[in-house]
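Input: a single structure, listed below in structure tokens.
Note that this is a predicted model, so its numbers are computed, not measured. Residues: numbered from 1 along the sequence shown.
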Amino acid sequence: MSQPLHASDVTLEVDGHERSLTVDHRLTLLDALRERLGATAPKKGCDHGQCGSCTVLVDGRRVTSCLTFAVAADGARVTTAAGLGDGESLHPVAQAFQDEDAFQCGYCTPGQICSAVGMLDEAKSGAPSFVSDDLEASPELTDAEIRERMSGNLCRCAAYPNIVSAIGKAAVR
């Protein structure tokens with residue numbers, strides 16, 4: 001039996017496990033992860049790409065999965081917050097969030113952690129932000145720099161001081 005014209009087979013490596021499924025072309029990566037593959041770490045917050053609670057890493061880059069079509073991620077390595085650790089211990093960013101009490105209700109935390117991991121990799125590669133003083137030097141991760149780079153991730157509980165502190169500590173680990 002042939003597929004409908006509006007569906008495609010996709011293969012994703014989600015948190016180290018290869019998963020194949022047939023998806024409607026309109027299905028978001030977030031809905032594929034949560035509803036079809038059972039991943040609970042990425043959260044549906046605003047469903048408009050404005051809050052960041054759905055942030056995951058796609059081939060190492062942070063994306064808002066509510067704005068990414070699942071077919072666009074075909075063949076990609078998708079990492080959720082649940083897939084960041086090594087199975088024995090937490091990822092250094094997740095450990096820093098725990099150590100610094102960088103969460104309250106925890107709803108935004110998986111997206112915050114994935115975004116922080118991606119942001120730290122961006123900073124290490126020398127990518128400047130809007131508040132970077134020197135656009136040609138590797139940016140120093142000051143509190144202002146961290147806040148700017150994480151501005152796409154909202155926390156309704158306002159745990160921002162501890163989130164910034166956690167990311168700063170993870171950056172030096």
Please check if Val78 and Leu57 belong to a single hydrophobic cluster, counting links between Ile, Leu, Val, Met, Phe, Trp and Tyr side chain heavy atoms closer than 4.5 Å. no
Identify the two heavy atoms, one from Ala96 and one from Ala170, that lie closest to each other, and give their separation to 0.1 Å. CB-CB, 3.9 Å
Please check if any side-chain donor atom of Glu148 sits under 3.5 Å from a side-chain acceptor atom of Ser129, or the reverse. no
May I ask you to decide whether Arg61 forms a salt bridge with Asp121, counting only side-chain N to carboxylate O separations under 4.0 Å? no
Hydrophobic cluster identity match, Val14 and Phe69, side-chain contacts under 4.5 Å: yes
Can you find a heavy atom in the side chain of Val63 that is under 4.5 Å from one in the side chain of Val56? yes
Nearest 0.5 Å, please: how far is NE2 in His91 from CZ in Phe97? 11.5 Å
How far apart are the C-alpha atoms of Gln98 and Leu90, what are their side-chain angles, what is the distance that settles it, and do they pass the side-chain contact (heavy atoms from CB on, under 4.5 Å) test? CA-CA 9 Å; Gln98 181 177 327; Leu90 293 174; 3.2 Å; yes
Under 4.5 Å between any side-chain heavy atoms of Leu141 and Leu120, yes or no? yes
Counting only heavy atoms not in Asp133, do more than 12 fall under 6.0 Å of its CG? no
What's the spacing between Glu13 CD and Arg77 CZ if we round to 0.5 Å? 7.0 Å
Which heavy atom of Pro42 sits nearest to which heavy atom of Arg34, and what is that distance? O-NH1, 2.8 Å
Of the non-hydrogen atoms in Cys155 and Ile163, which two are nearest, and what is the gap between them? CB-CD1, 4.3 Å
I need the minimum non-hydrogen distance between His25 and Ser8, along with the two atoms involved. NE2-OG, 2.6 Å
Option from Thr64, Thr55, Asn153 for which side chain to side chain donor-acceptor pair (under 3.5 Å) with Ser115 holds: Asn153
Quick one: do Val10 and Leu21 satisfy side-chain contact (heavy atoms from CB on, under 4.5 Å)? Show the steps, please. CA-CA 6 Å; Val10 297; Leu21 62 160; 4.0 Å; yes
Asp74 side chain to Thr11 backbone, donor-acceptor under 3.5 Å: yes
Is there a continuous path of hydrophobic side-chain contacts, each under 4.5 Å between heavy atoms, that joins Tyr160 to Tyr107? no
Of all heavy-atom pairs between Ala41 and Ala81, which one has the smallest distance, and what is that distance? CB-N, 4.1 Å
Can you tell if the side chain of Leu12 reaches within under 4.5 Å of the side chain of Leu37, non-hydrogen atoms only? yes
Separation between CG (Leu84) and SG (Cys114), nearest 0.5 Å, reads 5.0 Å
Just wondering, do Val131 and Arg147 contact through their side chains at under 4.5 Å, heavy atoms? no
Do Glu145 and Ser132 have a side chain donor and acceptor closer than 3.5 Å? yes
Taking the side chain as every heavy atom from C-beta outward, state whether Leu27 and Arg36 have any pair of such atoms under 4.5 Å apart. yes
Under 4.5 Å between any side-chain heavy atoms of Lys44 and Cys66, yes or no? no
Between CG of Leu30 and OG of Ser65, what distance do you get to the nearest 0.5 Å? 4.0 Å
Rounded distance [0.5 Å steps], CZ in Arg62 versus OG1 in Thr79: 14.5 Å
Please give me the minimum heavy-atom distance between Ser165 and Glu100, naming the atom from each residue. OG-OE1, 2.9 Å
Does some side-chain heavy atom of Asn162 sit less than 4.5 Å from a side-chain heavy atom of Gln104? no
To the nearest 0.5 angstrom, please state how far the CD atom of Gln112 sits from the CZ atom of Phe103. 12.0 Å
Taking a hydrophobic cluster as the set of Ile, Leu, Val, Met, Phe, Trp and Tyr residues connected by side-chain heavy atoms closer than 4.5 Å, whether directly or through intermediates, do Leu33 and Val58 fall within one such cluster? yes
